[in-house]
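Worksheet: the structure to be examined is printed underneath.
Below, all heavy atoms of this structure are taken into account, side chains as well, without hydrogens, waters or symmetry copies.
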Amino acid sequence: CRCQVWANSKWHNNIDVPMRVWRRCRRMYMNAHPMCEVLGCNNIGDEVDHITELSDGGDALEWSNLQTLCDEHHSKKTSTHAVHKRRGYA
């Protein structure tokens, strides 16, 4: 993980990651993964998404918990997650 520089900081594994730290990690990840990572999608990525939501214990800066998504796929994932949360599935 190229964000490993933050691994021993007080922000690692913490939802309250300073915005400058997140922006740097996001920029680095988007540079390495510019396309939407949904299989079969050929769109340029618009968002860096946390695979496991931070509210569910996902790591904010760990690259293995990040994926680049286009707006369409990010919206679908976000709305699906919200519905599952409301219904108690997630």
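The SG atom of C25 sits 13.0 Å away from atom CZ of R20, with the distance rounded to the nearest 0.5 Å.
Other members of a hydrophobic cluster containing I51 are absent, since no ILVMFWY side chain comes under 4.5 Å of it, directly or through relayed contacts.
Pairs engaging residues 64-81 under the salt bridge (charged side-chain N to carboxylate O under 4.0 Å, His left out) rule: D49-K77, E53-K77, E72-K76 [sequence neighbours left out].
Shown here are the side chain to side chain contact (heavy atoms under 4.5 Å, CB included) partners of T52, two or more places apart in sequence or in another chain: D56, N65. The ring pair (Phe, Tyr, Trp, His ring centres under 6.0 Å) test applied to H50 returns W22, not counting sequence neighbours. Checked against salt bridge (charged side-chain N to carboxylate O under 4.0 Å, His left out), E47 has no partners two or more places apart in sequence or in another chain. For R23, the side chain to side chain contact (heavy atoms under 4.5 Å, CB included) partners at least two apart in sequence or on another chain are M19.
Looking at every heavy atom in both residues, L66 comes nearest to A60 through CD2-O, 4.0 Å.
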Is there a side-chain contact (heavy atoms from CB on, under 4.5 Å) between R24 and M28 once you walk through the steps? CA-CA 6 Å; R24 181 171 185 245; M28 290 170 61; 4.0 Å; yes
Compile the donor-acceptor pairs under 3.5 Å between side chains in residues 33-43 and protein atoms, sequence neighbours left out, one pair per line.
| residue | atom | partner | partner atom | Å |
| --- | --- | --- | --- | --- |
| E37 | OE1 | Y29 | OH | 3.4 |
| E37 | OE2 | Y29 | OH | 2.8 |
| E37 | OE2 | T68 | N | 2.6 |

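Taking 4.5 Å as the limit, every side-chain heavy atom of L69 sits out of range of all side-chain heavy atoms of D46.
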